[in-house]
Structures are given as structure tokens and as C-alpha cells.
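In what follows, a structure is listed as C-alpha cells, so that the remarks can point back to it.
Note that the numbering runs from 1 along the sequence shown for the chain. Every value quoted in this text rests on a predicted model; they were computed, and no experiment measured them.
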Amino acid sequence: AQKLRKQYGTENVILSDIKKPSPHVFNSGPFVYADVLDYKHLRELIVNYRVTWLIHYSALLSAVGEANVALARQINITGLHNVLDLALENSLRLFVPSTIGAFGPSSPRDPAPDLCVQRPRTIYGVSKVHGELMGEYLYHKYGLDFRCLRYPGVISVSTPPGGGTTDYAVQIFHDALSTGHHECYLRPDTRLPMMHISDCHRATIEFMQAPESQLSLRTYNIAAMSFTPEEVAQEIRKHVPHLKVTYNPDSVRQNIADSWPVRFDDTNARRDWGWASAFRLEELVSDMLRSIRDKRTTEGLPVS
């Protein structure tokens, strides 16, 4: 939202949630309550604000979704259908993120191409494949301007871990600077695709702005780096030498991770609309540690 507001003006980008926003978010620009399960109210917002782009991030993530399948089905599938219908009805440009979780154990893992067998084994993954296919169907049948990127694990300071399988790669930075100890729920050699949040935001905006004539697909992989818990821990130790990591694999999340790609092939995104990542592991680690140090200092918290 911050990046979009710089380009299009603060008043032209509306944030929404079902939770009460922090003062910082509320005061930064337009904010509305929106529940993706309330079709009538969503339609009202689109009409009243004359919305032209819809960026739809509402979802229950992988591990949380497995703990509450019924709610994940409601939000990730029923909520998506509400948004698809409204986008079609109002000729909106619609962005819906997908994920490494849209692949399964029978998919090619190293690398995973844009088009291949997808048989995910989580409700999160199933709902994302459903979204990819519905969006593509509505594009071909009715001309809906549907756009979708498969995100790797996204690493950000500003968002706390939200029940995803790649969340250890956010938590480890906080633990390194608070207690100096991180207990990892994945094996040390579990390699997964990852991306710095600023690359993720930039990819999304560049993709949304790309002329439709340049797109050969409606859903693209985007890649930046792939690493294991042990590799990110070693890189953090260059800055925080005393970091201790213990491994206590959680069977649910480990099984999910073992069914996901090790690397993404994003050749099509690079060719069609010029995608290129900026952050490698070294830059990601130094940026995360600097940002968390600054945040903890500002909040008056000790820094390990």
C-alpha cells in the first residue's frame, strides 16, 4: 500500500481488514472494514469507492489452515469466489497471490516450472490451485483481467509470523536479537524458495502494471533465492556469532515442506515482463538484522 500510494496518491489506495488497525495504519490513508465472506458489503465498497484494481490477500496459511480446514475452505475458496464474481461484474484488474504450496510431492521440485503436475496436500495449496484455475478460466471465458504470482516464502520485519511453513525464516531473526536462541520446526537441510518482502512488493506492482499484451500466462512463478535453516543461521552468525539453533522438526510442517519445491523456475516472468530480484541471502540477512535492531531499539527492548 505504501508503494502504491507513492505512485498513485494516498487517497487512491484503500486498505482493508477485519481487525482494528494500529494507529500507524489507520492514520496512513484510507482504511475500511471488509470481510471477504460478506459479498454485499464488498460490492458496496467497490461501487462507493469506484475501485478499479483489487489486490486480494485474505487467506489462512498452510499450517493454520491444516488446523482449521473448514475455516480455510470458507476464506480461501468462498472468499475468493466472492472476489472473482465482483471483479468480473465490475471489470476490475484482479491480483490474487499463489504460493510454493500450490505444488505437491508429485511436482518437479528442483526447479518447479510454471506449468506442471500440481497435487498439493494441504487445504491451503488446494485452494490456491483452485484460485489459479478459476482465474484462468474466467480470463479465457469472459476476459477477466486476472493476475497471479506464486510467491516463495516471504521474509518481512513488519509482519509477524502468521502460521506459514516458511515462517521460521522470519522468527529466527527476532530470536537472534532477543534471546540468541532459535528452536527450528524444520530439519536443518530443508531447502525452500524465499524472497525479501521488498522484492515481493516490487514484483507484484510491476506485474500489475505490465501491459496485458506482454503476458503469456495468468500465473507466474517468481524467484529470488533458496536456502536451508542451517544456511540462514550460518549467515546470521556472521553478524550475531552467539546465535544457537536447535532443531525440533514438527511433523505437520516438515511434511508440508518436504512436498514443496526446492527452487522456482521463473524464466517466463523474466522474459515476459522483466522480473529480476534484487536481494540475495547476504543482503536479506543484513537488512533484516538492521531493521529488527532499529525496531527493538525504538520500542525500548533489549538487543541481544
Side-chain angles (χ1 to χ4, degrees), residues 15-21 31-46 54-89 92 94-107 117-138 144 146-154 156 159-171 185-186 190 192 218-219 248-261:
L15 275 173
S16 78
D17 205 335
I18 56 168
K19 293 190 299 188
K20 183 179 171 185
F31 181 94
V32 295
Y33 169 85
D35 179 348
V36 291
L37 299 178
D38 186 343
Y39 181 88
K40 186 169 178 290
H41 183 233
L42 287 184
R43 175 191 258 169
E44 207 174 296
L45 292 172
I46 288 164
L54 204 51
I55 297 177
H56 175 68
Y57 280 122
S58 305
L60 255 59
L61 300 184
S62 54
V64 169
E66 289 309 286
N68 196 339
V69 172
L71 184 62
R73 198 176 62 223
Q74 258 196 310
I75 293 170
N76 296 12
I77 296 178
T78 306
L80 170 77
H81 277 265
N82 286 342
V83 164
L84 287 168
D85 289 349
L86 287 164
L88 198 54
E89 184 184 299
L92 307 183
L94 174 63
F95 176 80
V96 178
S98 190
T99 164
I100 49 174
F103 296 95
S106 55
S107 307
V117 170
Q118 289 174 259
R119 288 290 181 273
R121 291 188 180 171
T122 63
I123 187 63
Y124 175 59
V126 168
S127 68
K128 288 300 185 184
V129 174
H130 177 77
E132 293 176 13
L133 293 174
M134 280 302 304
E136 191 172 328
Y137 168 73
L138 294 172
L144 173 67
F146 171 87
R147 302 179 185 216
C148 178
L149 293 176
R150 293 196 191 107
Y151 288 160
V154 178
S156 161
T159 312
T165 299
T166 57
D167 280 352
Y168 85 86
V170 176
Q171 191 61 49
Y185 51 72
L186 296 179
T190 308
L192 291 167
R218 306 318 296 182
T219 297
N248 184 16
D250 163 58
S251 61
V252 172
R253 289 206 247 204
Q254 187 64 58
N255 286 339
I256 292 172
D258 288 342
S259 74
W260 284 359

> Given the rule in the side-chain contact (heavy atoms from CB on, under 4.5 Å) test, do W260 and L192 qualify, once you have shown the distances and angles that lead to the verdict?
Replying inline: CA-CA 7 Å; W260 284 359; L192 291 167; 4.0 Å; yes
> Could you go step by step and tell me if I55 and V96 meet the side-chain contact (heavy atoms from CB on, under 4.5 Å) rule?
Replying inline: CA-CA 6 Å; I55 297 177; V96 178; over 6 Å; no
> For H130, what residues pass the ring-ring contact (aromatic ring centres under 6.0 Å, His included) criterion, not counting sequence neighbours?
Replying inline: H81
> Considering residues at least two apart in sequence or located in another chain, which fulfil the ring-ring contact (aromatic ring centres under 6.0 Å, His included) criterion with Y168?
Replying inline: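 Here no residue qualifies.
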According to side chain to side chain donor-acceptor pair (under 3.5 Å), who are the partners of [X], at least two apart in sequence or on a separate chain?
| X | value |
| --- | --- |
| S156 | S158 |
| S127 | N76 |
| Y39 | E89 |
| T99 | none |

>> Could you walk me through whether F103 and V117 satisfy the side-chain contact (heavy atoms from CB on, under 4.5 Å) test, starting with their C-alpha distance in whole Å, then the side-chain angles of each, then the deciding distance to 0.1 Å, before giving a yes or no?
In response: CA-CA 8 Å; F103 296 95; V117 170; over 6 Å; no
Answer yes or no: is there a donor N or O on one side and an acceptor on the other, between the side chain of [X] and the main chain of [Y], under 3.5 Å?
| X | Y | value |
| --- | --- | --- |
| E66 | I123 | yes |
| Q254 | P249 | no |
| N248 | Y185 | no |

>> Applying salt bridge (charged side-chain N to carboxylate O under 4.0 Å, His left out), can you list everything that pairs with R218, at least two apart in sequence or on another chain?
In response: D145, E212
> For D17, what residues pass the salt bridge (charged side-chain N to carboxylate O under 4.0 Å, His left out) criterion, not counting sequence neighbours?
Replying inline: none
[X]: side chain to side chain contact (heavy atoms under 4.5 Å, CB included) partners, not counting sequence neighbours:
| X | result |
| --- | --- |
| T219 | E132, F146, C148, R150 |
| V252 | D250, I256 |
| A34 | S16, L42, L45 |
| V126 | P120 |

Is there side-chain contact between [X] and [Y], with at least one heavy-atom pair below 4.5 Å?
| X | Y | value |
| --- | --- | --- |
| L54 | L92 | yes |
| R43 | D85 | no |
| L37 | Q74 | yes |

> Strictly by modelled atom types, are T165 and S62 linked by a side-chain donor-acceptor pair under 3.5 Å?
Replying inline: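 Result is yes, a qualifying pair exists.
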